[in-house]
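For the single chain, residues carry numbers from 1 onward in sequence order.
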Amino acid sequence: MPTISLRSTLALAFGAVSVLMALVISWSINQIASDAIRRDIGTALTELAEQMRSRLDMGLYERLRDVDTLTVLRQLRDPATRVGDNRLVLEKLRRSTGEIAWIGFARNDGLVVYSADGLLEGANVGARPWFKAGREGPFVGDVHEAKLLAKLLPAPANGEPLRFVDVAAPVFDLQGRLSGVLGVHLSWEWARNIEQTVFSLGRRNKGVETFVLNREGQILLAPAGREATKLPSGLSNAHQEGGQLLDWPDGEKYLTAVVSTRGYGDYAGLGWSVLVRQDAEQAYAPVRALRSAVLAIGAGCAVLFALFGIWLAGRISQPLRELTRVAHRLQSGEADAVLPSHKRFHEPKLLADALRHLLATLRQEQTKLAELNANLENQVTERTEALDAANRHLLLSLEERQRLVKQLETQANTDSLTGLLNRRAFHERAQQEVQRQARQHTALSVLIFDIDHFKQINDLYGHEAGDEALRQLALAAQEWLREMDVLARFGGEEFVALLPDSDLEAARRVAERMRQAAADLQIHYPSGVIRLTLSFGVAQWRPEQAMDALIAQADQALYTAKHKGRNRVEAWIG
């Protein structure tokens with residue numbers, strides 16, 4: 001029977017054990033790392049769904065909070081507030097919030113009194129669900145297609161039908177009585193914008209798709225061309241953290257994660273679900289890449305371990321080979337051959353020393369790395385705190401700027417003595433009314449009036465009494481006119497009123513009524529009772545006519561009234 005050397009036996013044994021160890025370690029690393037990556041991929045999808053869910057809940061909560069805030073404003077609660085002023089508040093909110101498609105106020109019988117840009121004013125929304133629910137308390141309604149506004153607002157660019165989410169709340173007057181409902185239609189494009197913000201183009205290119213489902217599991221939002229997608233069974237399992245690999249009806253496997261909306265603050269939510277899926281092939285591509293890398297590294301390590309085993313076998317068998325050579329010398333007759341003395345294996349000792357040195361070096365490097373990480377974290381914290389402080393300062397500066405701008409706008413548009421619109425603000429409002437009357441083909445008139453012999457009032461009672469007379473007249477004139485009429489002080493004792501939906505005869509009647517009411521007006525002042533009379537000039541707007549020309553005609557009629565003896569109404573007839 002042939003003999004096998006100890007060195008060869010050890011080399012084969014060490015080589016086999018080394019290869020087996022390399023394969024076991026590679027397989028274990030592959031399994032552990034693959035499972036970890038799978039969990040991380042599923043967790044990442046769940047986190048994306050939670051971001052989408054959070055933005056949807058927060059967006060509806062903020063709009064509900066905006067509506068609640070508006071309903072407690074004294075301006076909206078006071079029935080004496082002019083419709084135009086309330087409309088202006090709603091228009092500013094709509095312009096500052098891009099997702100609002102329509103906002104308006106409907107009184108108790110469902111008639112829309114005022115709205116942003118005048119849309120649906122005069123329409124009856126008493127049968128709409130948001131109006132009925134809004135009478136009972138704050139309300140957020142589910143997604144629905146547009147009804148009355150479908151023909152008034154442009155359709156979405158993606159070709160989908162115009163859809164809204166409704167937000168409404170009751171409005172109570174200054175005596176606490178229900179006066180109507182403030183309603184908001186949020187464009188469903190708002191949800192599409194959130195989806196495009198949360199899910200970047202890079203994620204969508206990797207096959208990540210988003211669906212929003214209502215309480216009944218119907219699709220409210222889907223990727224373009226996926227609106228008719230059929231949902232798989234077993235979605236309840238996808239609610240768990242990390243998602244679930246599901247078979248979808250289209251025959252493909254998708255890593256699927258689902259989270260439910262939970263509302264925010266006092267907004268309870270609508271029971272929506274956010275579903276995020278990714279094709280399994282694309283989702284687990286990193287796992288396959290990792291497996292290939294681990295197999296390649298494992299094969300390389302197996303080769304290295306085998307070579308190391310052969311080398312170690314030679315080192316271990318070296319003392320025996322030296323003894324064998326000495327024995328052969330003794331067998332050949334060399335008497336002076338001396339057997340070597342081996343008190344311990346020197347090679348294992350060198351290997352242990354090398355390993356101890358390597359471990360000490362590794363620990364030193366780890367200590368240095370930990371110090372570098374700590375310094376980096378401190379720098380990041382300091383930079384973050386500095387950035388937060390800068391952001392807070394910027395926010396305070398912006399808020400102060402907005403307050404000053406609003407104050408300047410009020411000062412620029414209001415007469416300081418009477419509180420009425422000034423000349424510039426009147427022309428802005430008048431231009432809007434001209435455009436509206438041109439669209440609706442209705443009449444529009446203007447009347448100008450001033451106080452007869454106003455200089456005698458100043459001379460007799462003093463300028464402060466004259467100022468008080470102007471203030472009292474301004475208050476009375478607002479009572480004599482309609483809420484839709486636009487009243488302004490042009491300077492001195494001259495006032496101008498714009499009368500929408502009024503022809504020349506109607507304007508003449510209004511002026512005559514005001515003239516008679518002014519004759520009965522008594523202004524009590526410490527130095528006596530002030531009585532006054534007014535002269536009026538009225539004119540009717542013609543299509544394509546400039547507002548300055550219309551005012552000039554009314555002013556000419558006023559001049560005629562003055563010339564004919566004052567305390568009378570004259571109309572300009574071209």
Derivation of the side-chain hydrogen bond (donor to acceptor under 3.5 Å, both in side chains) call for T533 and D452: CA-CA 6 Å; T533 61; D452 296 329; 2.8 Å; yes

Side chain to side chain donor-acceptor pair (under 3.5 Å) filter on D459, not counting sequence neighbours, yields K455

Sequence neighbours excluded, which residues qualify as salt bridge (Lys or Arg N to Asp or Glu O under 4.0 Å) partners of E160? R163, R192

How about D555 and F490: do any of their side-chain heavy atoms sit closer than 4.5 Å? no

Note, P500 side chain near T442 side chain (heavy atom, < 4.5 Å): no

How are the rings of W130 and H185 set to each other: parallel, tilted or perpendicular (split at 30° and 60°)? perpendicular

I'd like to know whether R63 forms a salt bridge (Lys or Arg N to Asp or Glu O under 4.0 Å) with D66, so could you lay out the CA-CA distance, the side-chain angles of the two residues, the decisive distance to 0.1 Å, and finally the verdict. CA-CA 5 Å; R63 298 293 77 76; D66 290 342; 2.7 Å; yes

Which residue pairs pass the salt bridge (Lys or Arg N to Asp or Glu O under 4.0 Å) test with at least one member in residues 524-543, sequence neighbours excluded? none

Do the charged groups of R94 and E91 touch, with an N to O distance under 4.0 Å? no

For W188, which residues count as a side chain to side chain donor-acceptor pair (under 3.5 Å) partner, sequence neighbours excluded? none

Can you label the angle between the F105 ring and the Y114 ring as parallel, tilted or perpendicular, going by 30° and 60°? parallel

Using only heavy-atom distances, determine whether the side chains of Q472 and E468 contain a donor-acceptor pair under 3.5 Å. yes

With sequence neighbours excluded, tell me which residues meet salt bridge (Lys or Arg N to Asp or Glu O under 4.0 Å) with R135. none

Pair D142 + R215, salt bridge at N-O below 4.0 Å: no

According to salt bridge (Lys or Arg N to Asp or Glu O under 4.0 Å), who are the partners of R436, at least two apart in sequence or on a separate chain? E433

How long is the straight-line distance from OH of Y61 back to CG of D266, given to the nearest 0.5 Å? 5.5 Å

Given the rule in the side-chain hydrogen bond (donor to acceptor under 3.5 Å, both in side chains) test, do Q516 and E512 qualify, once you have shown the distances and angles that lead to the verdict? CA-CA 6 Å; Q516 295 175 6; E512 183 61 27; 3.2 Å; yes

When you compare the side chains of S502 and R482, does any donor N or O come within less than 3.5 Å of an acceptor on the partner? yes

Whether D57 side chain and G269 backbone form a donor-acceptor pair below 3.5 Å: no

